[in-house]
Amino acid sequence: RDYRCMREVLTSILAVEQEARTRVEEASREAAALKAKADAQAERMQAEARERAITETRERIEQAKADAAERFATGKARAEKEDATRYAALEPLLAGIATEAAAIALASQLDG
């Protein structure tokens, strides 16, 4: 009888140990699955953040190019206007010089 009681106790202990091992293995599998899921989510989030950063950077570059082109066009137009104003201011002087040059040339032709 004692042998039988002892055997039942040992069988019970072995069953509890087996159940504990099974639970530990299950918990390990669940932990591994959760870790894999978390890793995949982290990678997805990193990829999305990278894409957003790239898109924002491209947008900033395009805006900077547009701003630079606008400033260049404005500066070029201002310079062209200033050049036209200077030329208009010099035009009477140039006309006077041309008239004098023509008179000198005519006088040298008449003298010669």
Look at Arg23 together with Glu26 and state whether they make a salt bridge at an N to O cut-off of under 4.0 Å. no
CZ of Arg52 to CZ of Arg50: how many Å apart, nearest 0.5 Å? 11.0 Å
Partner of Arg58 by side chain to side chain contact (heavy atoms under 4.5 Å, CB included), out of Ile54, Thr55, Ile61: Ile54
Can you measure from OG1 (Thr99) to CG (Leu106) and round to the nearest 0.5 angstrom? 12.0 Å
Test log, rule side-chain contact (heavy atoms from CB on, under 4.5 Å), inputs Glu17 and Arg21: CA-CA 6 Å; Glu17 285 180 353; Arg21 270 195 291 277; 4.3 Å; yes
Within-4.5 Å side-chain heavy-atom neighbours: Glu82 and Arg86: yes
Using 0.5 Å steps for rounding, measure from the OG1 atom of Thr22 to the CD atom of Gln18. 4.5 Å
I'd like to check Gln63 versus Arg60 (side-chain heavy atoms, cut-off strictly below 4.5 Å). Are they in contact? no
Supply the atom-to-atom distance Gln41 CD to Met45 CE, rounded to the nearest 0.5 angstrom. 6.0 Å
Over 12 non-hydrogen atoms of neighbours within 6.0 angstrom of CZ in Arg7: no
